[in-house]
Amino acid sequence: MERPVARKVLADRHVYFSRPPAVSSGSPILCDFGGASVQSSRNRGNVMYDVYRPPEIILDMEWDTKIDIWGLCLMVWRMLEGNHLFSAHKSGALNNEQHLAEMVSLMGPPPLEFLRRSPISQRYWDEEAMPIGLASI
């Protein structure tokens, strides 16, 4: 009540501003699943904080509940390491090309079958899944 979180109200959801977690000496607790939903259907669009986005969201692909595992893993990394695994920013601004380049530098290139599911993958890879224009790390 004393420090309300900034939010944006959209037609289909509320988007809340994230704050850094408070420093404590206790065990970490995962909480605040107010935006969680149990769906088996496929979805589209961004639903995650920028540095936690999986490649499916960056590449405008359909996604399902599997992206929650990606987000959870990146959140645990942040808690244990004290920084984000991916910066996803270039010149101070969120940058999809930079984000994808960081993923590729860590995990290697995505499979061609994966890229074919994206309507925009040709911005970053050619028809043989060779990178074009991805930022150098």
Side-chain angles (χ1 to χ4, degrees):
M1 296 298 285
E2 294 172 17
R3 292 181 29 201
V5 175
R7 71 177 180 191
K8 176 171 42 173
V9 178
L10 302 174
D12 60 339
R13 67 184 183 275
H14 293 213
V15 179
Y16 293 89
F17 180 75
S18 295
R19 295 185 201 173
V23 177
S24 71
S25 59
S27 299
I29 298 172
L30 298 179
C31 61
D32 193 10
F33 296 103
S37 64
V38 179
Q39 297 180 351
S40 59
S41 65
R42 303 198 56 80
N43 301 283
R44 205 173 210 118
N46 191 5
V47 292
M48 292 188 167
Y49 176 62
D50 45 0
V51 296
Y52 294 148
R53 295 176 306 152
E56 290 89 343
I57 288 177
I58 297 169
L59 292 170
D60 192 29
M61 302 165 115
E62 287 187 340
W63 50 263
D64 57 22
T65 56
K66 293 179 193 94
I67 68 166
D68 294 329
I69 300 301
W70 177 276
L72 175 66
C73 292
L74 291 179
M75 184 173 55
V76 169
W77 176 277
R78 168 77 170 94
M79 289 189 317
L80 296 176
E81 291 296 319
N83 57 17
H84 295 292
L85 183 59
F86 305 116
S87 76
H89 287 77
K90 186 176 186 178
S91 301
L94 180 64
N95 184 286
N96 289 341
E97 181 181 302
Q98 178 70 27
H99 201 166
L100 291 168
E102 291 171 8
M103 290 177 183
V104 168
S105 71
L106 180 66
M107 300 177 294
L112 183 57
E113 304 78 45
F114 179 81
L115 294 176
R116 286 186 177 145
R117 293 178 23 219
S118 167
I120 63 169
S121 66
Q122 70 280 2
R123 293 180 190 172
Y124 311 104
W125 289 274
D126 67 16
E127 60 279 347
E128 296 178 20
M130 297 300 295
I132 53 172
L134 282 182
S136 58
I137 305 285

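Side chains are part of it too, since the values below use all heavy atoms of this structure and drop only hydrogens, waters and symmetry mates. Predicted model, so just to flag it, every value in this text is computed and none were measured.
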Roughly how far, to the nearest 0.5 Å, is [atom2] of [Y] from [atom1] of [X]?
{"X": "L72", "Y": "W77", "atom1": "CG", "atom2": "CH2", "value": "14.5 Å"}
{"X": "R78", "Y": "N83", "atom1": "CZ", "atom2": "CG", "value": "7.0 Å"}
{"X": "H14", "Y": "R7", "atom1": "NE2", "atom2": "CZ", "value": "5.5 Å"}
{"X": "M75", "Y": "L85", "atom1": "CE", "atom2": "CG", "value": "14.0 Å"}
{"X": "E56", "Y": "M48", "atom1": "CD", "atom2": "CE", "value": "9.5 Å"}

Using side-chain heavy atoms (C-beta onward) and a distance below 4.5 Å, is [X] in contact with [Y]?
{"X": "D60", "Y": "S121", "result": "no"}
{"X": "I57", "Y": "H99", "result": "no"}
{"X": "R116", "Y": "L112", "result": "yes"}
{"X": "M103", "Y": "I58", "result": "yes"}
{"X": "I132", "Y": "Q122", "result": "no"}
{"X": "I67", "Y": "N43", "result": "no"}
{"X": "L115", "Y": "Y124", "result": "no"}
{"X": "V15", "Y": "L10", "result": "yes"}

List in chain and number order the residues that pass ring pair (Phe, Tyr, Trp, His ring centres under 6.0 Å) with F114, two or more places apart in sequence or in another chain; answer none if no residue qualifies.
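If we apply the ring pair (Phe, Tyr, Trp, His ring centres under 6.0 Å) test to F114, skipping adjacent residues, there are no hits.
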Open item on the list: Just to verify, what does Y52 make a ring pair (Phe, Tyr, Trp, His ring centres under 6.0 Å) with, not counting sequence neighbours?
Closed with: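 So Y52 forms a ring pair (Phe, Tyr, Trp, His ring centres under 6.0 Å) with Y49, H84.
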Minimal non-hydrogen separation, V5 against F17, with atom names:
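The pair with the smallest heavy-atom distance is CG1-O, 3.1 Å.
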Closest non-hydrogen contact found for P110 with A129 is O-CB, 4.3 Å
With hydrophobic residues grouped by side-chain heavy-atom distances under 4.5 Å, do M79 and I69 end up in a single group? no
Do V76 and V51 sit in one hydrophobic cluster, given that two such residues count as connected whenever their side-chain heavy atoms are within less than 4.5 Å of each other, even indirectly? yes
**Study point:** M130 atom CE, over 12 foreign heavy atoms within 6.0 Å
**Key:**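 Open: at most 12 neighbouring heavy atoms sit under 6.0 Å from CE of M130.
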Donor-acceptor pair, side chain of R53 and main chain of D50, under 3.5 angstrom | yes
Taking E102 for its side chain and S87 for its backbone only, find out whether a donor-acceptor pair lies under 3.5 Å.
->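 Yes; at least one donor-acceptor contact below 3.5 Å.
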